Amino acid sequence: MAFRTAAFGLRRMMSTSSARSAEMSFTFAAPNAVHYNGAAVRQIDVPSFSGAFGILPAHVPSLAVLKPGVVTVYEDDGATKKFFVSSGSITINDDSSVQILAEEAHKVEDIDANAARQVLADAQSALASANDDVAKAEAQIAVEVGEALVAAAQ
């Protein structure tokens, strides 16, 4: 027990240590594009299955799974960019580097709201007509992605 308490205290001290990097190197890619490659950014807000959270320099090293939603990137020059992601993974490293690998990622400004609503309607129709557990599970995932896509487009 004492070892776990000491180890937790050491990790906590390391995570808040000022000796760690004050900059964050960000790589964000999907099969359709590499959006950032080792870029210096100020903050990244991500949707994950364990809850939405923000990433700043010197964040505690973590792994997380992206859920459908919007990734917001706050660049060093003050610009803010938003991307819709369908799923993927987030890796936060001890050296303040962050990698996001998305199954699908598109700039929010490029999303057609009518097309997003159609994606959701098609997914809901597929869910209603699904006749086995696999088809229902796949359709439910498509509905969740469609709902997030519609929310991002608004």
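All of these numbers come straight from a predicted model, not from anything done at the bench. Throughout, numbering of the chain's residues begins at 1 and tracks the sequence.
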Sort and list the pairs that fulfil side chain to side chain donor-acceptor pair (under 3.5 Å) and have at least one residue in residues 122-138, not counting sequence neighbours.
-> Gln118-Asp122
Could you walk me through whether Ser89 and Val65 pass side chain to side chain contact (heavy atoms under 4.5 Å, CB included), step by step?
-> CA-CA 5 Å; Ser89 64; Val65 177; 5.8 Å; no
Do Val41 and Phe53 belong together in a cluster built from hydrophobic side chains that touch within less than 4.5 Å?
-> yes
Tell me yes or no: between the side chains of Glu75 and Tyr36, is some donor less than 3.5 Å from an acceptor?
-> yes
Least distance between heavy atoms, Ala152 atom then Val108 atom | O-CG1, 3.2 Å
Minimum heavy-atom separation for Arg42 to Leu56, with atom names?
-> O-CD2, 3.7 Å
Asn37, Val85, Ile44, Val34 screened by side-chain contact (heavy atoms from CB on, under 4.5 Å) with Phe28, the one that passes | Val85
For Ser96 and Ala58, which heavy atoms make the closest approach, and how far apart are they?
-> OG-N, 2.8 Å
Could you tell me whether the side chain of Asn32 reaches within less than 4.5 Å of the side chain of His106, counting heavy atoms only?
-> yes
Could you tell me whether the side chains of Ser87 and Glu103 share a donor-acceptor contact shorter than 3.5 Å?
-> yes
If we only count heavy atoms from C-beta on, is the Leu66 to Pro47 side-chain gap below 4.5 Å?
-> yes
Distance, nearest 0.5 Å, that separates CG of Leu63 from CD1 of Ile92 | 8.5 Å
Looking only at non-hydrogen atoms, find the nearest pair between Gly146 and Val119 and report the distance.
-> CA-CG1, 4.3 Å
Does Asp45 offer a backbone N or O that forms a donor-acceptor pair with the side chain of Thr72 under 3.5 Å?
-> no
Determine, using the 4.5 Å side-chain heavy-atom cutoff (strictly less than), whether Ile90 and Phe26 are members of one ILVMFWY cluster.
-> yes
Tell me, please, which residues at least two apart from Gln140 pass side-chain hydrogen bond (donor to acceptor under 3.5 Å, both in side chains).
-> none
Are the ring centres of His35 and Phe83 closer than 6.0 Å?
-> yes
Asn93 side chain vs Asp95 backbone, donor-acceptor pair below 3.5 Å | no
Check against side chain to side chain contact (heavy atoms under 4.5 Å, CB included), Val143 and Val145 | CA-CA 5 Å; Val143 167; Val145 171; over 6 Å; no
Would Met24 and Val46 show up in the same hydrophobic cluster when neighbours are defined by side-chain heavy atoms closer than 4.5 Å?
-> yes
So, for Ser48 and Ala64, which heavy atoms are closest and what is the spacing to 0.1 Å?
-> CB-CB, 4.3 Å
Indicate the atoms forming the closest heavy-atom contact of Ala153 with Ala113, along with that distance.
-> CB-CA, 3.9 Å
Leu120, Ile141: one ILVMFWY side-chain cluster at the under-4.5 Å cut-off?
-> no
Are Leu127 and Val150 in one and the same hydrophobic cluster, where Ile, Leu, Val, Met, Phe, Trp and Tyr link if side-chain heavy atoms are under 4.5 Å apart?
-> yes
Rounded to the nearest 0.5 Å, how far apart are OG of Ser86 and CD of Glu144?
-> 12.0 Å
Does the pair Ile100 and Thr27 meet the rule for a side chain to side chain contact (heavy atoms under 4.5 Å, CB included), with working shown?
-> CA-CA 6 Å; Ile100 295 180; Thr27 300; over 6 Å; no
